[in-house]
Asks: 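Have a look at the structure that comes next, please.
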Number of protein chains: 2
Amino acid sequence: MKLQVQIEMNEALFLRNPESSELGKNILKHGVQLIHKTGFEAFTFKKLAEDIGTTEAGIYRYFENKHKLLVYLAAWYWAWLEFQIIFQTNNIKDPTKRLKKIINLLAKSVEDDEQTSHINESLLHQIIISEGSKAYLTKQVGEDNKQHFFKPYKDLCSVIACIISECSPKYKYPKSLASTIIEMAHFQNFFMYNLPSLTDFGKSKEESKIIAFLNDLVFTSLKNS
Amino acid sequence: MKLQVQIEMNEALFLRNPESSELGKNILKHGVQLIHKTGFEAFTFKKLAEDIGTTEAGIYRYFENKHKLLVYLAAWYWAWLEFQIIFQTNNIKDPTKRLKKIINLLAKSVEDDEQTSHINESLLHQIIISEGSKAYLTKQVGEDNKQHFFKPYKDLCSVIACIISECSPKYKYPKSLASTIIEMAHFQNFFMYNLPSLTDFGKSKEESKIIAFLNDLVFTSLKNS
DNA sequence: TTTATAATAATAGTAATACTATTATAAATA
DNA sequence: TATTTATAATAGTATTACTATTATTATAAA
């Protein structure tokens, strides 16, 4: 049995639904590969078109510009991750164990699930680590937010905040702690590989240590509230 | 008495020292203003040249490209902040109090010190909040790091990590906690104003609450180690 | 004082980027 | 078969991110 993760995307993110045609799917697939390879700054629709074997204008029929494509991919990732979290913590009752599992899912590099979609989740995870913040660190963040482009991120944050509150109902900053966990799961990873002296894991480069750090950070906070 | 903060900058960051001429100083001054106004993506050397009343090529004589200018400004900011921290915690002996003071300095919006330099520190602080990560979230981060472009950031992180270790010698993640404090002082601020549901301060929008959150996060971690 | 030389500035480009408008082709329906 | 309609390909343009060349000014040696 093949499990198709069909993630319903905000229609304002695209001009034409990329899931609706082969070309659209190729834009997502090769888009992920090319952004991962060149970085978002050097990534252009022209290069992507050459990769796919179509024209620049062909891609512009699907996405208004490359920023929208990045926001689309980020939204897809957050929605996908929330699904993973819901699915993989479904049978866990103890909120503490659930939170630990979530930290694991956030901080562990993803293995691509070739079965499920044309998007390589492993590459996308790495893109989100190094490019993800650029989706919202812009002047248009207010506009984009009004159009609910960041809803998947907020939903995920909200899910985590709820579990934090289950663990410690008196803890005063569940949302901020949730966004801190999410951001730091990625930033500590980026730092570990690129600016190692900003972390305590620069030598060994083990993701498990980031997880240990986050667990320590979160659970001492929750214990003492 | 006028205190001139002369920050010695890495020479590889510029082609000509912008501190060495009026045009150079104008590039920094108006650069900060324009990046703040338009955001880094829409910022161009052409617009900056028009603002100053010089030509595009005139600016290219000082900075190779706009990325280098951003890295310069970020480096300047981190060096300036480290100076502020050293200066303002100089007479404080208790490391706990020093750390509290540092969290304050990181999370509180800066008031421009018009006396000291052509750079508006208040605007620059806001730029670092929304654009600062883009200085290192690039494909060239490795190259840039080899040229020590991020030394001021790392130095600041190191100073904070040392104080953390003074507070709790047994705490296992001083560097990662330091980079977490720095990043979260900024991200929680950005979220509070732009994606408020990612924080617990969306309603009131008070910086003091970010400080309270960070203090809680840090000192419960240190107490329990 | 004149002239060489070096530093700086202004002009005028170019290749690439980020799009858009128009035309052509294929598919679906009347 | 004719006619919409959808999609794709072609060919543009304005802007961006630079660079090369020429002009000007300042400094120093003859």
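Reckoned from all heavy atoms, side chains included, excluding hydrogens, waters and symmetry mates. Keep in mind it's a predicted model, so treat the numbers as computed, not measured. Numbered from 1 within each chain, the chains take letters A, B, ... in sequence-line order.
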Asks: Between the side chains of Lys209(A) and Ser204(A), does any donor sit under 3.5 Å from an acceptor?
Replies: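 Yes - a donor-acceptor pair under 3.5 Å links their side chains.
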Asks: Using atom NZ of Lys47(B) as one end and atom P of dA14(D) as the other, report the distance to the nearest whole Å.
Replies: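 So the two atoms are 17 Å apart, to the nearest Å.
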Asks: Salt-bridge test for Lys134(B) and Glu41(A): reply yes if a basic N is under 4.0 Å from a carboxylate O, no otherwise.
Replies: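 Here Lys134(B) does not pair with Glu41(A) in a salt bridge, since their nearest N and O are not under 4.0 Å apart.
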Asks: Looking at dA29(D), which nucleotide sits across from it as a Watson-Crick or G-U wobble partner, both distances under 3.5 angstrom, or is there none?
Replies: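 Pairing partner, where one exists within any strand: dT2(C).
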Asks: From dA8(D), dA18(C), dT19(D), pick the nucleotide closest to the side chain of Tyr62(A)?
Replies: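 Given the options dA8(D), dA18(C), dT19(D), the side chain of Tyr62(A) is closest to dA8(D).
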Asks: Would you tell me if any nitrogen or oxygen in the side chain of Arg61(B) comes within less than 4.0 Å of OP1 or OP2 on dA9(C)?
Replies: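 Answer yes for this pair, as a side-chain N or O of Arg61(B) is under 4.0 Å from OP1 or OP2.
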Asks: Under a 3.5 Å limit for both distances, which nucleotide forms a Watson-Crick or G-U wobble pair with dT14(C), could you say?
Replies: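 Paired with dA17(D).
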Asks: Parallel, tilted or perpendicular: which one describes the rings of Trp80(B) and Trp76(B), with boundaries at 30° and 60°?
Replies: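 Parallel.
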Asks: Rounded to the nearest angstrom, tell me the gap between atom CD1 in Ile52(A) and atom P in dA9(D).
Replies: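 Answer to the nearest Å: 12 Å.
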Asks: Which of these nucleotides, dC19(C), dA10(C), dT10(D), is closest to any side-chain atom of Asn65(A)?
Replies: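 Between dC19(C), dA10(C), dT10(D), the one nearest the side chain of Asn65(A) would be dC19(C).
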Asks: What's the NE2-P distance between His67(B) and dC18(D), to the nearest Å?
Replies: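 In whole Å, dC18(D) P and His67(B) NE2 are 11 Å from each other.
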Asks: Determine the contact category for Glu56(B): base if any of its heavy atoms lies under 4.0 Å from a base atom, sugar-phosphate if only primed atoms, P, OP1 or OP2 are that close, otherwise nothing.
Replies: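 Answer is base: heavy atoms of Glu56(B) come under 4.0 Å of a base.
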Asks: If I take atom CG in residue Leu48(A) and atom P in nucleotide dT17(C), what distance separates them, rounded to the nearest angstrom?
Replies: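 After rounding, the reported distance stands at 13 Å.
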Asks: Rounded off to whole Å, could you give me the NZ-to-P distance for the Lys68(B) and dA17(D) pair?
Replies: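 Those two atoms, NZ and P, are 15 Å apart.
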Asks: Describe the nucleic acid contact of Lys46(B) in one word from base, sugar-phosphate, nothing, applying a heavy-atom distance below 4.0 Å.
Replies: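 Here Lys46(B) touches no strand at all.
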Asks: Gln188(B) and Ser179(A): side-chain donor and acceptor closer than 3.5 Å?
Replies: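 Yes, because at least one side-chain N or O of Gln188(B) sits under 3.5 Å from a partner of the opposite role on Ser179(A).
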Asks: Of the options dT19(D), dT10(D), dA18(C), whose atoms approach the side-chain atoms of Lys66(A) most closely?
Replies: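 Nucleotide nearest to Lys66(A)'s side chain: dA18(C).
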Asks: Select one nucleotide: of dT7(D), dA9(C), dA17(D), the one nearest the side-chain heavy atoms of Arg16(B).
Replies: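 Nearest listed nucleotide: dA9(C).
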